[in-house]
Amino acid sequence: MEAPLLLPFATIVVILLLSSSTIAAVGEATAVLEEAVLTLDAGNFSEVVANHEFIVVEFYAPWCGHCKELAPEYEKAASVLRKRAPPVVLAKVDAYDENNKELKDKYKVHAYPAIKIIRNGGSDVSTYGGPRDADGIVEYLKKQVGPASLELRSSGDADRSIDDKGVVLVGVFPEFAGMEYENFMAVAGNMRTDYDFFHTSDASILPRGDKAVKGPLLRLFKPFDELFVDSQDFDKDAIKKFIEVSGFPTVLLFDADPTNHKYLERYYTTPSAKAMLFLHFSDDRVESFKSEMNKAARQLSGNNISFLIGDVSAADRAFQFFGLKESDLPLLLVVASTGKYLNPTMEPDQLIPWMKQYIYGNLTPYVKSEPIPKVNDQPVKVVVADNIDDVVFNSGKNVLLEFYAPWCGHCRKLAPILEEVAVLFQDDEDVVIAKMDGTANDIPSDFEVEGYPSLYFIPSNGGDLLSYEGDRTAEEIINFINKNREPKAGVSAAVEEVTQTSAVEEEVTSSSSSSASVKDEL
């Protein structure tokens, strides 16, 4: 079996966007503010949400480190927001609790924590896209309550509202009525979690663009590329597409500036090939690389490729996630459904020719694998991309396989537990406990790895893969293996034959016994 690259970009979004603050103060802060956040579950969720026009809900898992990091900030924000008029309610749901599984599925929770903004009693749901610190949460949510678009009446209003920190939409209308205005306000209501919306009847107060225009006109201001773009198509779908296309950088810059980080989630979740150039921004060729990446993005715009250039000092988690080597910098990485392609230690003038070779299909996909271990006699077997067929798929054994990351704290906590399980099954020839470094090996597309650690059970009969979602205890894992294990491949037919023979013998014996009974009765 080949090992085509899985695109687990949900994982990297969580890794990159969450706060890196410590969790030392979690217990103290939670104890002080424990009543600020409402606790919801399957029993009260619908009733509480139905009674609120606006409520924010965090879906968390008790074991999730990022959730623990967020907890004190979320509590502080809740204590502030509940005192404002009108109050803003923050709530939480334990999405790992099996009783809340329907809620988890309904709100499409794939990683923790997941924060949802729920409006109008539950009819309007959007994903929270703001900061993860208390002050940032408060300021972000204040903007989400009230009108979706605010009126700009002076140049002072415009200067305060339109800055170089994000994308801003301004509708210019001769009067605040009519189809164009209504469609603009409807789209503003749907997209307000990601963009700031304003409207005005006086284009002369705006900092850029034609100041004499009367409208209706939609002007998008942005801190990158051409700085502003106009549109006069007020169809709702057209407005949305205009914002999504024009409001995203031609080449996403991944550096220390947090302003750019808000675009990462969309970059990694958009269904497109990803062209990512990593280097040190202290490199004296960095401006040449930026120029060539922008040229490539414009020249190759019809090939469904999203471009990113990252400073390794800021994008180190992404660099680690893809298992890249600093000795290969500057490095251009393309990740697509057809595989992964690498161009290490490259020069700026090699960028566009190499990208064209990728588009023409002239490059060979690179399958990343650690070396096959020469000795693999530990209780937990080591699996790499180059031996996964032998150890897992073609072994004819029941295999519990963990995908882990070296930097993952939860993986380190799980390690001794898996070791205990492996020791228990060490003398069982039909069971293998194994692990694979998901950052150093390409993961076959058979597995949907959206976070670390991820555990899968591969039965010996080649049946469906099973994702382990139970408690991370030795007892639960052992029970799971024993419940789902199958006879060793090649033995099933013999087992079936023995079973059938036993059944026939039992039937004959039963018949004989019945006959004997009849004779006794006679």
Side-chain angles (χ1 to χ4, degrees), residues 17-19 21 25-26 29-60 64 66-95 100 103-104 106-109 112-151 160-161 165-169 185-198 258 262 265:
L17 298 182
L18 292 179
S19 166
S21 59
V26 171
T30 303
V32 174
L33 302 169
E34 59 185 359
E35 297 181 356
V37 175
L38 294 182
T39 299
L40 305 182
D41 56 31
N44 63 3
F45 187 92
S46 297
E47 180 181 359
V48 172
V49 168
N51 290 332
H52 290 85
E53 286 295 305
F54 186 96
I55 185 170
V56 182
V57 180
E58 175 207 2
F59 293 86
Y60 73 96
C64 167
H66 295 305
C67 302
K68 293 176 182 178
E69 292 173 8
L70 175 64
E73 302 300 319
Y74 196 65
E75 292 282 358
K76 292 175 188 174
S79 68
V80 173
L81 289 168
R82 68 177 178 173
K83 298 174 184 176
R84 74 183 303 274
V88 175
V89 177
L90 271 60
K92 61 182 179 181
V93 173
D94 180 355
N100 298 324
L103 291 175
K104 174 185 174 183
K106 177 180 179 180
Y107 289 94
K108 300 178 181 178
V109 176
Y112 303 112
I115 306 175
K116 306 291 182 179
I117 296 175
I118 305 175
R119 293 183 171 88
N120 304 319
S123 62
D124 182 6
V125 181
S126 56
T127 299
Y128 174 88
R132 301 297 176 109
D133 63 282
D135 291 341
I137 293 171
V138 170
E139 291 306 312
Y140 182 87
L141 291 178
K142 281 181 179 179
K143 292 181 180 179
Q144 300 304 312
V145 181
S149 176
L150 301 176
E151 183 181 358
R160 285 187 294 270
S161 303
K165 297 301 182 183
V167 174
V168 176
L169 284 302
M185 294 300 289
V187 172
N190 290 332
M191 302 184 73
R192 63 188 297 174
T193 55
D194 297 316
Y195 304 94
D196 292 332
F197 287 83
F198 300 92
K262 68 178 69 176
E265 181 173 6

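We're numbering straight along the sequence, starting at 1.
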| remark: dist I118:CD1 -> E53:CD (nearest 0.5 Å) comes out at 12.5 Å

| query | Does N44 use its side chain to pair, donor to acceptor, with the backbone of E47 at less than 3.5 Å? | reply | no

| Where do E58 and Y128 land on the side chain to side chain contact (heavy atoms under 4.5 Å, CB included) test, with the steps shown first? | CA-CA 9 Å; E58 175 207 2; Y128 174 88; over 6 Å; no

| Least distance between heavy atoms, H66 atom then P113 atom | CB-CD, 3.8 Å

| remark: Correct closest heavy-atom pair for A78 and V37 would be CB-CG2, 3.6 Å

| Between A36 and R82, what is the shortest heavy-atom contact and its length? | CA-NH1, 3.7 Å

| remark: Sorted by chain and number, sequence neighbours left out, side-chain contact (heavy atoms from CB on, under 4.5 Å) with A91 holds for L38, L40, I55, V57

Output side-chain donor-acceptor pairs under 3.5 Å for residues 137-146, partner residues at least two apart or in another chain, one line each.
from, atom 1, to, atom 2, distance (Å)
Y140, OH, G129, N, 3.4
Y140, OH, T193, O, 2.1
Q144, OE1, R119, NH2, 3.2
Q144, NE2, R192, O, 3.2

| query | V80 versus R84: any side-chain heavy-atom pair under 4.5 Å? | reply | no

| said: Would you compute the distance between atom CG of L81 and atom CZ of F54 and round it to the nearest 0.5 angstrom? | reply: 8.5 Å

| How far apart are the C-alpha atoms of Y107 and F59, what are their side-chain angles, what is the distance that settles it, and do they pass the ring-ring contact (aromatic ring centres under 6.0 Å, His included) test? | CA-CA 9 Å; Y107 289 94; F59 293 86; 5.6 Å; yes

| said: Which heavy atom of V56 sits nearest to which heavy atom of Y74, and what is that distance? | reply: O-OH, 3.3 Å

| message | Run S149 and M185 through side chain to side chain contact (heavy atoms under 4.5 Å, CB included) and show every step you take. | response | CA-CA 7 Å; S149 176; M185 294 300 289; 3.7 Å; yes

| said: I'd like to know if the side chain of D41 and the backbone of G43 have a donor-acceptor N/O pair within less than 3.5 Å. | reply: yes

| message | Would you say that L169 contacts D196 through its side chain, given a criterion of any heavy-atom pair below 4.5 Å between the two side chains? | response | no

| Distance, nearest 0.5 Å, that separates OH of Y60 from CG of L70 | 12.0 Å

| query | Closest heavy-atom contact between Y112 and C67? | reply | CB-SG, 3.6 Å

| note | For A134 and A77, the nearest pair of non-hydrogen atoms, with its separation, is O-CB, 3.9 Å

| Does E151 have any salt bridge (Lys or Arg N to Asp or Glu O under 4.0 Å) partners at least two apart in sequence or in another chain, and if so, which? | R153

| request: Check for a donor-acceptor pair, side chain of N100 on one end and backbone N or O of D94 on the other, with a separation under 3.5 Å. | output: yes

| query | Is the backbone of D133 close enough, under 3.5 Å, to the side chain of E73 for a donor and an acceptor to pair up by distance? | reply | no

